[in-house]
Amino acid sequence: MRHALNLAWQVINVDHNNSHRNRSYVLKGAYLFALFVVMSIICIPGLWIVLNSFRPAVEIMAKPPIWTPSFTLDHYRALFGGAGEGGVPVLSYFRNSIIVSVVSTVIAVLIGMSGGYAFARYRFKGKTGYFVGLMLFRAVPGVALSLPLFIVLSRVGMIDTHIGLIFVYVAMNVPFTIWLTDGFFRQIPKELHEAAEIDGCTRWQAFWQVEFPVARSGVASAAIFAFLTSWNEFALASQLTRSVDSKTMPVGLLDFTAEFTINWGGMCALAVLMIIPALVLTFLVQKHLIAGLTFGGVKG
Amino acid sequence: MTEVVIKNVIKRYGENQAVQGINLEIKDGEFAVLVGPSGCGKSTTLRMIAGLESVTEGDISIGGRRVNDLPPRERNISMVFQNYALYPHMTVRENLGFSLKIAKLEEQKIAEAVNHAAEILGLDELMDRRPAELSGGQRQRVAMGRAIVREPDVFLFDEPLSNLDAKLRTQMRVEIKKLHQHVGNTIIYVTHDQVEAMTLADRIVLMKDGYIVQVGTPLDLFNQPVNTFVATFIGSPPMNLVNAVVQGENAIVLEDGSHLPIPSSAKNRVEDGQKVLLGFRADHLMPKGHAISEEGPTGEFELPINLSEPLGAESILYTEIAGQEVQAKMLNPRPVVSGEVLKFELQLDKCHLFDSETTEAIRS
């Protein structure tokens with residue numbers, strides 16, 4: 001009797017195991033499918049841009065679509081060609097974008113890091129108020145500021161200058177940088193700073209020798225975000241720039257729209273050129289983005 | 001000479017007073033342990049000595065020099081933190097040598113000092129690892145090494161063993177004691193663990209609610225607690241306290257009506273009818289036949305056992321005297337079942353009396 005019961009129990013057990021295993025297969029399949037759908041939504045527009053930059057204009061506009069695309073570098077050739085051949089001052093736009101993005105990022109990170117450190121480490125009056133205020137400022141849509149910014153910048157003669165755009169981007173990026181670096185500095189136990197001070201450091205030395213290296217992944221992420229925001233910003237840049245002296249790449253994309261037509265191929269080619277530096281930079285910095293440097297220094 | 005003197009030191013955080021005017025002198029080369037329950041102000045006191053907290057009122061001097069307003073780096077101290085606070089981006093070697101690098105010593109001198117410290121603490125093989133690759137005990141040793149390398153006047157330890165498991169804690173306790181014997185510097189050590197305090201200290205400073213309750217050698221605090229707080233905080237198991245009332249000049253009556261003579265130390269210090277607490281340690285209430293035979297008067301009780309905790313060489317017995325739970329000790333233990341009634345002897349010479357209201361010890 002006992003033997004029979006044992007056997008029955010084993011059979012039930014096996015069935016139970018099988019059903020659990022099957023369910024985990026189904027769940028895994030569903031997970032992969034969902035992942036595919038989400039990644040498609042994210043990647044297809046980018047892919048569309050890259051592919052179209054290598055296709056003749058007729059193919060891009062073809063209805064029904066042509067599924068076996070041909071390959072051409074015409075758009076790129078035209079891009080760097082003369083003004084009459086559909087060319088745009090890519091190099092000027094690129095230079096402007098680099099200057100504005102890099103300078104504004106460096107300034108925003110320096111200010112934001114100091115702010116984030118202060119919020120993480122010091123107690124002062126109205127701390128929460130300041131912090132919420134900064135976040136609220138970030139919540140205002142940039143375009144809403146374009147008119148007041150335009151008026152202010154034109155009064156001080158900073159329309160169509162690098163410095164004007166840099167000012168605006170620094171203001172846009174500082175709150176977010178503060179918020180991000182504050183979180184990272186908060187994760188670093190204050191004992192590290194104290195240990196450094198006891199080891200003979202001044203506050204300044206303790207920050208640069210100990211806290212900054214430990215938080216550099218956070219600072220790197222803040223920098224990447226600030227850079228990408230400046231690099232990709234269009235709405236304000238289109239209002240505040242006028243000529244090749246200050247127009248950035250996103251604004252340059254407008255050069256491909258005429259009154260009745262849009263040169264999709266050229267626009268896509270410029271867009272690809274715009275994506276590449278951002279992609280390279282993100283790739284270079286991404287290993288610093290992986291947090292976890294703080295683990296081990298103190299008992300978790 | 002690096003004695004540390006704390007004079008009328010007060011620390012306030014807004015309305016909160018964390019340290020309420022303490023006075024303390026720690027002698028050169030002394031191992032002083034600040035101990036007390038959490039929130040008693042011991043860590044704040046240590047941090048004020050280190051310069052990590054400002055002093056609201058009073059003076060702190062190290063080696064005869066008033067240091068109230070000096071930053072930590074100018075106090076020539078080193079500190080081991082509870083969570084080690086090793087620099088995660090540096091190797092063990094860099095961690096150990098960091099303070100000397102900041103002091104701009106020559107590379108060769110740094111290497112010598114680092115190697116010397118590593119040798120003392122057995123870190124030689126870990127020198128190129130980062131903190132994340134070390135076990136808890138190894139990190140603790142690196143933290144200690146970092147403290148030694150500087151050759152400071154005073155070592156400060158802030159609950160350095162709290163994050164270790166029980167076995168490692170015992171090992172590291174021994175290492176810290178050895179370290180003190182080796183370097184001979186003044187050490188101020190903060191802990192909430194009375195066992196650490198007892199085993200390590202030359203002198204214990206017991207704190208509560210921002211005040212110093214008692215300062216003395218471990219045996220002073222163990223044998224002559226100034227009040228019930230010290231009596232129950234120091235020693236494991238804690239001292240038993242039983243309600244009693246003084247009757248006449250020579251006796252106290254427990255709540256069940258049993259009489260005991262007044263402990264000799266408290267004679268002539270009590271009044272008839274005074275409410276008191278009779279205090280005695282488990283070591284002094286033992287079952288007959290399982291006790292250390294000592295001369296002196298004893299009180300005898302027949303007590304039922306509620307619970308027994310065998311520890312190997314001895315057992316802790318939970319029983320009741322006059323309706324109050326007390327703990328007794330059984331040497332050469334035999335198995336005891338709950339409900340069993342044993343005859344106990346209480347060594348009256350070792351008993352203490354405390355005033356019920358003030359909780360202060362009554363001692364001549």
Side-chain angles (χ1 to χ4, degrees), chain A residues 113 117-118 120-128 181 183-223 285-300, chain B residues 13-14 47 49-53 71-90 92 94-105 129-140 142-143 146-147 149-150 152 154-156 158-164:
Chain A
M113 190 171 69
Y117 185 78
R121 281 282 186 268
Y122 297 101
R123 274 182 287 191
F124 50 89
K125 240 184 182 174
K127 182 171 160 178
T128 323
T181 49
F184 273 89
F185 284 123
R186 235 171 250 275
Q187 277 180 15
I188 301 175
K190 70 176 191 326
E191 283 86 352
L192 279 188
H193 181 97
E194 293 175 348
E197 275 200 71
I198 285 179
D199 271 346
C201 290
T202 59
R203 292 203 127 178
W204 186 250
Q205 278 177 316
F207 176 78
W208 286 111
Q209 303 265 354
V210 174
E211 285 172 302
F212 178 74
V214 174
R216 68 171 175 225
S217 55
V219 177
S221 359
V285 182
Q286 65 145 353
K287 76 168 186 210
H288 295 292
L289 298 183
I290 302 158
L293 208 62
T294 49
F295 296 120
V298 294
K299 176 94 176 178
Chain B
Y13 295 104
R47 291 171 58 81
I49 299 172
L52 299 173
E53 298 280 350
R73 64 179 185 280
E74 287 175 30
R75 298 188 181 202
N76 203 17
I77 43 151
S78 61
M79 186 158 168
V80 177
F81 291 84
Q82 179 176 359
N83 57 12
Y84 320 138
L86 301 180
Y87 310 125
H89 57 300
M90 298 182 196
V92 170
E94 289 163 342
N95 262 285
L96 292 177
F98 182 69
S99 58
L100 303 181
K101 196 179 122 196
I102 292 293
K104 295 192 173 138
L105 246 68
R129 293 203 203 162
R130 279 173 201 262
E133 299 164 284
L134 303 177
S135 70
Q138 290 168 335
R139 285 179 205 176
Q140 185 59 63
V142 177
R146 199 170 61 179
V149 163
R150 298 193 62 203
V154 183
F155 283 108
L156 306 175
D158 190 6
E159 309 212 16
L161 306 183
S162 316
N163 283 340
L164 301 178

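Everything numeric in this text was worked out from a predicted model, so none of it was measured. Chain letters run A, B, ... following the sequence lines, proteins first, then strands; residues in each count from 1.
For B/R75, no part lies near chain A; criterion is any non-hydrogen pair under 4.5 Å. Looking at A/E211, there are no atoms closer than 4.5 Å to chain B (heavy atoms on both sides), in backbone or side chain. If you measure heavy-atom distances from A/E197 to chain B, the contacts under 4.5 Å come from both the backbone and the side chain.
Remark: B/F155 pairs with no residue by the ring-ring contact (aromatic ring centres under 6.0 Å, His included) rule, at least two apart or across chains. For B/F81, there are no ring-ring contact (aromatic ring centres under 6.0 Å, His included) partners two or more places apart in sequence or in a different chain.
Taking chain A as the reference chain and counting heavy-atom pairs below 4.5 Å, the highest number among B/N76, B/N95, B/L134, B/I102 is found for B/I102.
A/F212 and A/Y117 have their aromatic ring centers separated by at least 6.0 angstrom.
Relative to the ring axis of B/Y87, B/R146 places its NZ or CZ within 45° and under 6.0 Å from the centre.
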